[in-house]
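Working notes, beginning with the structure itself.
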Amino acid sequence: MASEIAPDVYAMRHSCAHLMAAAIRELYPEAKFGVGPPTATGFYYDIDLPEPLKLDDLQKIEQMMRKLRKKKLRFDRRELPIEDAIGFMREHHQDYKVELLQLLRDRGTTAIAKETGDDTAVDGDQSGVDSVSFYTTGNFVDLCRGPHVENTGQCGEFKLINIAGAYWRGNSDGPQLQRIYGLCFPTKEELEHCMWQMEQAKLRDHRKIGRELKIYRFSPEVGAGLPLWLPRGTALRDELEFLAQKEERRDGYLRVVTPQITKEELYYRSRHLPYYAEDMYKPFEIDGERFYLRPMNCPHHHQVYLAEKHSYRDLPVRLSEYGQVYRYEASGALSGLTRVRGFCQNDAHIYCRYDQAKDEFLKVMRLHARYYDLFGIKDYYMRLSLPDLDKLDKYVDEPEKWLAALKIIREAMIESGYPFREVEGEAAFYGPKVDFMIKSVIGTEYAISTNQLDFLATQTFDLTYIGEDGKEHPVYVIHRAPLGSHERFVAFLIEHYAGNFPTWLAPVQAMVVPIADRHNDYAEEVRNLLFDADVPTGTGGLRVEVDTSTERMQKKIRNAQLEKIPYILVVGDKEAETRTVAVRLRNGTDLGAMPIAEVIARMRDEVVNRRDIELPVIETAGDATAH
Ligand SMILES: [Zn+2]
Ligand SMILES: [Zn+2]
């Protein structure tokens, strides 16, 4: 994370952490300091204090920080031999700094960064640590490698936001420090934008909205990390699959269905075993043979490819499946729909010739862009993971194949015209990988989709085609999943739309509200007419419900609005007589009485184009609004 921050912002945030520590030292002279690295939005500092801080205390600290900021205290650097440094920190009762210095002396800087999560704590290389740098800010002296801004007047705009417990050096048997989080930005506007974003993220939290809108549930009897998709959440999945099927068919994909368990030999062949075993669940036996829950769909799809012989004229073969997979996650890491133990991927594998690979990859990128346009995702980029190219031959058998695959991907990315970044040092051994990074309307970044160009599967699975020359040739495999998994993508969509899904996607598209019991029959008739109307949806017809509860009309309307249902169709005597409905939108807009055919035409328009005529805006104060 920290490595992607601009260097000047990095120095400012890091300096701001010093400023906070200096303020805390003024207020709590007995404070002992751990580490305080910069973060993607500011910084934190782990501090040992005699008593737990309350949120109110943060204001006091902030005030002191402002006071010290005004003084424009310089960040003065000095060097000390390591033994003197240890003595100095011991004298000042800074036990944690003493520990860090000893760790530095005995094991070098890398160990410190690894154990504390702070790579700014100390200077120098692994080897030959004999002196360390200190920075003084007013009365506060910190062990630090820098860099800093010149003085405390340049620490930017900050806000302390939270306190949490943090174990020293991540060790749960060791002392627990208080971690104080701060935001820090060059300008007030950026700071305020970040605070707005955090507030919106809370209002739009998919776990909160997912519960309110009855999208999914966890049951302790089923198990953590194994979501149960409720009827309304399942409607979302149905629509996404309906969309994917159509877009994929258009691009020449064929759908397949494969089992979720497999004999262990398949995973030895695919090299998931033993290399990926940590992420897989323990095997089980059926009639004396060992089986696994599948962590990936690829080996199954390769078996489908192998079901028949392919000539050069058959390629590309594009096999798609919304495939359920299971991967191990530690219980502590599980979170809502974003970190789960079982999920369903928008998966596909494209088997092609070398000369087709670039065009196929480009097509996959264009498919992403079509989806993003549809969902109003404006901010996205591709992230190409590269290995350390100088050392490529050390961990790849055939570096020239790797480089050939890389060339294809680079060309396709450039030709696409979409923004991309290259990141070194984290590529897969079987080929280059491109992740699509997308941002929700409030700016949260999600990694949804991973794409790979794989030249190794042809060896491990003997994936070949018969060329014009009558001989066998290797195929290239593209792995792709533009809509990621249902779980993560729906979590994204909930935040992105704040639960106000566009009509085509809304789990319930219209709620019919009979004014009195005697209007229930007509309400039911309206529902059936809408369902039977010629509107293509993923659920066989428009999703319409009738509110037959005993609530009063106003309350029924309010409930439908809270459920974020796009259309509310009120029916009473007049409507029954004139074969109309009184149309309200969830944002409060009153469209008045409309003939049923007109409502159908309007909804059809929105569903077919997958675009709402009027963007939903919820006017209720304090509610999350869609932009
Ligand atoms: Zn520093
Ligand atoms: Zn795959």
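All values derive from a computational prediction rather than experimental measurement. Remember, it's 1-based here, ligands and their atoms both numbered in the order they're listed.
- Rounded to 10°, the angle that ND1 of His479 and SG of Cys298 form at the Zn ion (ligand 2) is 110°.
- Looking at Phe343 and Arg327, their side chains come closer than 4.5 Å, going by heavy atoms from C-beta outward.
- Counting just the N/O/S atoms of His148, the one with the shortest distance to the Zn ion (ligand 1) is named NE2.
- When only modelled atom types and interatomic distance are considered, Arg77 and Thr136 share no side-chain donor-acceptor pair under 3.5 Å.
- Aromatic ring centres of Phe489 and Phe375 lie closer together than 6.0 Å.
- Under 4.0 Å is where a charged nitrogen must lie from a carboxylate oxygen, and between Glu99 and Arg105 no such pair does.
- Here the Zn ion (ligand 1) is the vertex; the NE2 atom in His14 and the SG atom in Cys144 give an angle of 100° (to 10°).
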